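In what follows, a single structure is set out as structure tokens and then discussed.
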Amino acid sequence: MQAVETNTKAAVLEKLNKKPLIISGPCSAETEEQVLETAQRLANTGKVDMLRAGIWKPRTRPGSFEGIGTKGLPWLQQAKKITGLPTTVEVATGKQAQDALHFEIDMLWIGARTTVNPFSVQEVADALRGADVPVFIKNPINPDLELWTGAVERIAKAGIKTIGLIHRGFSAYGNTEYRNAPMWHLAIEMKRRNPELKIINDPSHICGRRDILLEVAQKAIDLDFDGLMIESHIDPDNAWSDAKQQVTPEKLAEMLDAITWRKEDVNSEEVHAALEKLRQQINHLDDEMMQILSQRMSLAEKIGQYKKDNNITILQTSRWNEILERAFKRGDKIGLSNEFITKYFDAIHMESINHQNKIMNS
Ligand code: PEP
Ligand code: MN
């Protein structure tokens with residue numbers, strides 16, 4: 001009995017260490033047949049390492065399907081038995097965590113709406129104290145790396161040895177191309193701070209629609225994520241939750257085939273040398289750009305002094321518009337997007353204002 005248990009845990013860990021790690025399954029477990037058929041068809045692709053299914057669904061608005069609940073856990077147990085694939089579910093409360101363990105779910109994940117709430121994360125952590133189960137933690141719905149880090153710390157303090165991260169994008173007000181803005185730089189920063197943690201990407205919840213899943217998945221792989229969690233359903237259009245973003249198991253397999261899988265590193269001296277040379281050029285350009293920016297700030301300070309002497313306000317909107325319009329036009333010609341120009345000049349402008357402010361109030 002013990003040996004089987006140990007073996008199973010070791011097998012799960014081995015799966016988790018595979019790169020890329022591919023997790024798929026329905027947004028929600030709906031019926032036993034749906035779970036088993038999805039699992040079987042995913043297993044048939046030979047491209048999936050772990051089965052997911054939402055059992056308890058944290059829905060933004062009440063009244064939509066809120067998950068089948070504990071009764072769906074044996075379906076996942078059965079799916080594992082039939083396919084040999086380990087299973088993972090989202091848990092948001094201590095009771096859910098215990099139920100999931102009771103039904104031998106192999107890995108747990110904490111959802112975005114839970115990561116934002118330290119009380120809930122702590123409750124899950126307390127319920128898991130001493131348990132030998134990997135836990136993956138989704139980013140919080142708001143772009144706050146401290147909350148994400150706090151959740152990792154709470155789970156780690158409960159003695160959980162295998163912890164991973166799931167990047168699923170961040171809520172934004174209003175309609176955007178994405179359901180949740182990827183804000184890749186935040187995931188990259190989280191990865192930089194926690195090099196020992198695996199980080200996988202969840203294109204389904206970033207996109208909210210199936211037509212752009214592939215490009216987001218490709219981007220994640222290009223950024224050296226350790227894997228993907230993508231929702232799949234036997235009848236996506238009629239799924240009880242997240243219908244627009246799910247794909248059939250066969251479509252998922254097609255998508256995985258279409259991804260160009262890149263290696264982080266290659267074993268070739270020549271490639272290394274070429275990359276090193278390019279990186280040095282980039283370092284050199286970065287140094288020059290910083291030097292130029294510092295000169296620009298000195299000019300801003302001179303203007304500040306002039307404004308101070310003549311009692312003029314720091315911000316002159318017409319001048320600011322002129323700067324931006326000029327930059328958009330030039331950027332267009334040399335291949336810099338308006339989005340980048342806006343962010344870049346916003347940052348420069350803020351720094352300039354700070355420099356001027358110092359002069360004017362000195
Ligand atoms: C999910 O994975 O089905 C889910 C609810 O995701 P998130 O927590 O990212 O919204
Ligand atoms: Mn979902």
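The structure displayed is predicted, hence computed values, not measured ones. Atoms within each ligand, like the ligands themselves, are counted from 1 in listed order.
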Shortest protein heavy-atom distance from [atom], along with the residue and atom involved:
atom	result
atom 4 (C) of ligand 1	H205 NE2, 3.5 Å
atom 6 (O) of ligand 1	K138 NZ, 2.9 Å
atom 8 (O) of ligand 1	A112 N, 2.9 Å
atom 9 (O) of ligand 1	R168 NE, 2.6 Å

Decide, yes or no, whether a salt bridge links [X] with [Y] under the criterion of side-chain N to carboxylate O below 4.0 Å.
X	Y	answer
K343	E339	yes
E123	K95	no
R210	D237	yes
K19	D224	yes
K219	D222	no

| message | Under a 3.5 Å distance rule, please check whether W240 uses its side chain to pair with a backbone N or O of C27 as donor and acceptor. | response |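 No; zero donor-acceptor contacts below 3.5 Å.
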
| query | Any sub-3.5 Å donor-acceptor pair from S232's side-chain atoms to G25's backbone N or O? | reply | yes

| request: Measuring from the Mn ion (ligand 2), name the closest N, O or S atom belonging to D242. | output: OD2

| Atom name of the N, O or S atom in E231 that lies nearest to the Mn ion (ligand 2) |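 Checking each N, O and S atom of E231, the shortest distance to the Mn ion (ligand 2) belongs to OE2.
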
Looking only at N/O atoms, are [X] and ligand 1 under 3.5 Å apart anywhere?
X	result
R113	yes
E231	yes
E90	no

Report, in ascending order of atom number, the atoms of ligand 1 lying under 4.0 Å from any heavy atom of [X].
X	result
K57	1 (C), 3 (O), 5 (C)
G111	8 (O)
C27	3 (O)
R52	1 (C), 2 (O), 3 (O)

| request: Could you tell me how the ring of F170 sits relative to the ring of W148: parallel (under 30°), tilted (30 to 60°) or perpendicular (over 60°)? | output: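 Taking W148 first and then F170, their aromatic rings stand perpendicular (interplane angle over 60°).
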
| message | If we check side chain to side chain contact (heavy atoms under 4.5 Å, CB included) with E231, which of these qualifies: I23, D202, D242? | response | D242

| Three-point angle H205:NE2, the Mn ion (ligand 2), C27:SG, rounded to the nearest 10° | 170°

| request: Would you kindly specify which portion of M229 sits under 4.0 Å from ligand 1, judged on non-hydrogen atoms: side chain, backbone, both or neither? | output: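 For M229, there is no contact with ligand 1 at all, from either part.
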
| query | To the nearest 0.5 Å, what is the distance between NZ (K80) and CD1 (I105)? | reply |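 Those atoms lie 6.5 Å apart.
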
